[in-house]
Each structure stands twice: as C-alpha cells, then as structure tokens.
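Taking it in order: structure first as structure tokens, then the write-up.
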Amino acid sequence: MRPDTPAEHADSADHVAEADRLERTAGRYPEDTEQLLSQAAAHLELAGERERASALYDRLLSPDLAAPLENPALVRALKAANLWEYGHEAEARAIIDGVRAAAPPHPAPWVIVAEALESHDELQAAHDTFTEAAALLVEPGAERPPAEVRPVLYGRHRVRRMLGEPHDTWDTLADGLHTGTVSLDELHDPKRVWSLGSDNPAELKAEISRLRAELGAYRAALSRPFPVAVLHWPTGELAELVEAYPSLAEEYPSHEEHLATIESSLRELAASGTPNLGIVSATVPSYEAFAASEAASPTDTSLLPQYTTTLAARGRAEPWPPPPTAPCWCGSGRGYGECHGAG
C-alpha cells in the first residue's frame, strides 16, 4: 500500500501532488476509494503531512463511506502507525489492541501494527503480535507459505534476534524461505550495528554490503503498490471493441495473436528482472468511460497503456504467472501449465 517512489527520490511537494491526484481519482472511481485514498494517505505520510493522512484514514473508516471497506483492519493499522509517529501514542495503542483482538485473516494489518510496536522499542509486544499472526496465518507443517504471509515470519525472526531468543520452528522456516545473498541471521543480528564504529575497513565494507542487502529487500517489498500489468481483452470484448472502433484492428489483428502477445510480453518482462507482474482484463464500457474521462477518443491507442495502469492502480490486476494447475488467465478453462504456460 506504500507509494512507488522512495522518499529520497521525491520531495514533499511531489508526494502532496500525488496524494491530491489520487484523491481526485477516488472522486471519479468511488468503488475504488479504499485503494486510492490509502495510497494518498501514504504519500502524505512521506511528505510529513501526517494530520492530513489521519484525516484520510478517518474518512475511510467513516460509517458514511459509500461502499464497505474490503480490509478495514488494514486501514486501522495504517492509522495507528501514523498516529504514533506524531505523538498520539495512547490512541495508537488502543487501535493496535483492537486490531489484534479482531484477528484479521490478512497478514498486512498484523505486520503494520507489529512493526509500529517494534519501531517504538516495544519488542516483546511486537514479538507477541507477530507470533499471534503466524499462529493464525501459517498452515501447520507448511513448507512454502504464500508470499504475502512471509513478512510475518521475517518480522518475527528479526524481533526474536533482537530479543536474543533461540531459533524455533518458524525461525527455521523463515531462514529457508529467505533468498537473499545475506542470511536472515546476519541481516537481523543486533550486534552488527556495533561494527559501524569499527576502524577496520574490511569490517566496514562487510557491514555496508549487509545494509545494502537489507535495504534492497526492503525496497523490493515496498517498491510497487500495484503490478506492472498487461491489458487482456476477453474474446467477446475484443470483438465488440474492434467492431465499434475498426481502426483498432491494426492494434489487435486477431484474438489469438493478442493472447500470444500478452504471454510473450510478460515473459520478456520477467526475463529482464521486472518484478510484480500482472494482467488486467478490459471491458468496452470501462474503456469508453476512461476515454471520456480523459476527453479523448477510444481510437487513440496511446490511451491503452494509461487505461491499463489505471486498472492496475485500482486493484484490478491478477498476478502473473498463475500456478501451473490454476486456470489459465486467458479464460480457456484449462490449467495454465497446459495452456499458455506450456513451453
């Protein structure tokens, strides 16, 4: 839910401008208010406009909101973390207690409140929160828990190292899931900070490498609030599109070629190292509405990537690639491994 641009590469004005843009977009797409205003609040936090961010969280949590929230616990967790950062500790603690008591079935609220506690040196409370989340979200005996659950295990591992606790089963699982060049034990070793005061160049160089690895992993986790997506027109929608706007036949000569282009484009992106890929499915009415909102014609092909990005930002993207046994993204009904994932 954090914005794409790291704080060191954008000034406060940039973040405020982006927050304002997202608020305007939420006004045009009220069904996506939760996603868009949460991103806007995150930009305001990065700009230091924490009171404005809290106002957006309050707006999302208001009973007057047009559509019910999909993940109210996440919004409450974000609000608590933000409040604590500008002096509202008591209110933040009360919200955190409420989030823990609600036991949300999604990992993000757990991670946010646990990290808020950790950042304010409440290590035991952070440990207990991560542990409650792991007990709820990690299947007993699971060897490869879903990617979205792994930050719970990594966070728990980090706090346990800081508390000096011995490894347990979940720590071992976290070690096995971590794929970085520097082990979790090294990344989470509380003693390593002392090496920054060393006069030994070799020790300093090693510490810089460890810090870079940790920063790289952190940025990778927060780098994109939505996937790099490719646009998919289902069979009927593409036929309707080309019939209504014949000039787009140059862009889409056939549905088969369209599907093949999607898969090949995503594979090229994956091969280039681009993370967080996805597919968004289009509809003609949605595309026409988008074109109208941009005061442009649907025949303008430059709108297509903008439309794709807008759908992805509104949370409409499906991750790619799907598991081999999952239904293929093309809608054929066959497993991905037997359809576009073959070969």
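These figures come from a predicted structure and were not determined experimentally.
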Does the side chain of Y86 pick up a donor-acceptor pair with the side chain of S54 at under 3.5 Å?
yes

For a 4.5 angstrom cut-off between non-hydrogen side-chain atoms, does L277 reach P319?
no

Do N276 and V228 have side-chain heavy atoms sitting under 4.5 Å apart?
no

Any side-chain donor paired with an acceptor under 3.5 Å for Y307 and S286?
yes

Derivation and outcome, side-chain contact (heavy atoms from CB on, under 4.5 Å), residues H340 and C330:
CA-CA 8 Å; H340 282 88; C330 71; 3.6 Å; yes

With no hydrogens and no angle check, just 3.5 Å: does a side-chain donor-acceptor pair link Y245 and E288?
yes

Look at the side-chain heavy atoms of Ile, Leu, Val, Met, Phe, Trp and Tyr, link any pair under 4.5 Å apart, and say whether L83 and I96 land in one connected group.
yes

In short, A125 meets R100 closest at the heavy-atom pair O-NH1, 4.0 Å

Side chains of V152 and V138, heavy atoms from C-beta outward: is any pair under 4.5 Å?
no

Find out whether L177 and P145 are in side-chain contact, i.e. whether some heavy atom of one side chain is under 4.5 Å from a heavy atom of the other.
yes

Shared ILVMFWY cluster between L44 and L78, side chains joined below 4.5 angstrom?
yes

Is V113 reachable from V159 through a run of hydrophobic residues whose side-chain heavy atoms are each under 4.5 Å from the next?
no

Please report the C-alpha distance between L259 and E263 in whole Å, then the side-chain angles of each, then the deciding distance to 0.1 Å, and finally whether the side-chain contact (heavy atoms from CB on, under 4.5 Å) criterion is met.
CA-CA 7 Å; L259 298 182; E263 184 70 24; over 6 Å; no

Would you give the length of the straight line joining atom OG1 of T283 to atom CH2 of W233, rounded to the nearest 0.5 angstrom?
7.0 Å

Assess whether side-chain contact (heavy atoms from CB on, under 4.5 Å) is satisfied between V230 and V280, documenting all intermediate values.
CA-CA 6 Å; V230 175; V280 291; over 6 Å; no

Would you confirm whether E237, through its side chain, and V284, through its main-chain N or O, come within 3.5 Å as a donor-acceptor pair?
yes

Within a 6.0 Å radius of atom CD on E251, are there more than 12 heavy atoms belonging to other residues, nucleotides or ligands?
yes

Heavy-atom donor-acceptor pair, E34 side chain to N71 backbone, under 3.5 Å:
yes

Between the side chains of R158 and D171, is the shortest nitrogen-to-carboxylate-oxygen separation below 4.0 Å, so that they form an ion pair?
no

Heavy-atom closest contact (S38 atom, V75 atom, distance)
OG-CG2, 4.3 Å

How about Q306: does its CD atom have over 12 heavy atoms from other parts shown lying under 6.0 Å from it?
yes

Would you mind checking if R59 and D64 are paired as a salt bridge, meaning a charged N to carboxylate O distance below 4.0 Å?
no

Straight-line distance of L56 CG to L61 CG, nearest 0.5 Å:
11.0 Å

N/O donor-acceptor pair under 3.5 Å between E23 side chain and L37 backbone
no

Answer yes or no: is there a donor N or O on one side and an acceptor on the other, between the side chain of T274 and the main chain of A270, under 3.5 Å?
no

Atom CD of E148 with >12 non-hydrogen neighbours under 6.0 angstrom
yes

Parallel under 30°, tilted from 30 to 60°, perpendicular over 60°: which one fits the rings of H255 and H232?
tilted

Any chance the side chains of H167 and D175 put a donor and an acceptor closer than 3.5 Å?
yes

Consider only side-chain heavy atoms of I, L, V, M, F, W and Y, link residues closer than 4.5 Å, and tell whether W84 and I112 are in one cluster.
no

From the list L136, L74, V99, side chain to side chain contact (heavy atoms under 4.5 Å, CB included) with W110 holds only for L136

Determine whether the side chains of D185 and H157 contain a donor N or O and an acceptor N or O closer than 3.5 Å.
yes

Mind listing the closest non-hydrogen atom pair of P234 and A282 along with its distance?
CD-O, 3.4 Å

H43 and D20, any side-chain heavy atoms less than 4.5 Å apart
no

Measure from the side-chain N and O atoms of R156 to the backbone N and O of W170, and report whether any donor-acceptor pair falls under 3.5 Å.
no

Using modelled atom types only, decide if a donor and an acceptor are shared between the side chain of S264 and the backbone of T261 within a distance under 3.5 Å.
yes

Please report the shortest heavy-atom distance between L303 and Y287, naming the atom on each side.
CB-OH, 3.7 Å

Under 3.5 Å side-chain donor-acceptor pair for W329 and Y336:
no

Is any side-chain heavy atom of L69 closer than 4.5 Å to a side-chain heavy atom of L65?
yes

For Y252 and L304, what are the C-alpha separation, side-chain angles and deciding distance, and is it a side-chain contact (heavy atoms from CB on, under 4.5 Å)?
CA-CA 12 Å; Y252 302 110; L304 294 168; 3.6 Å; yes

Transitively linked via ILVMFWY side-chain contacts under 4.5 Å: L238 with L231?
yes

Any side-chain heavy atom of H127 within less than 4.5 Å of one from E132?
no

For P166, does its backbone N or O pair with a side-chain atom of R160 as donor and acceptor, under 3.5 Å?
yes

Pick one: which of R93, E89, E85 meets side-chain hydrogen bond (donor to acceptor under 3.5 Å, both in side chains) with H120?
E85

For atom CD of E31, is the number of surrounding heavy atoms from other residues, nucleotides or ligands below 6.0 Å larger than 12?
yes

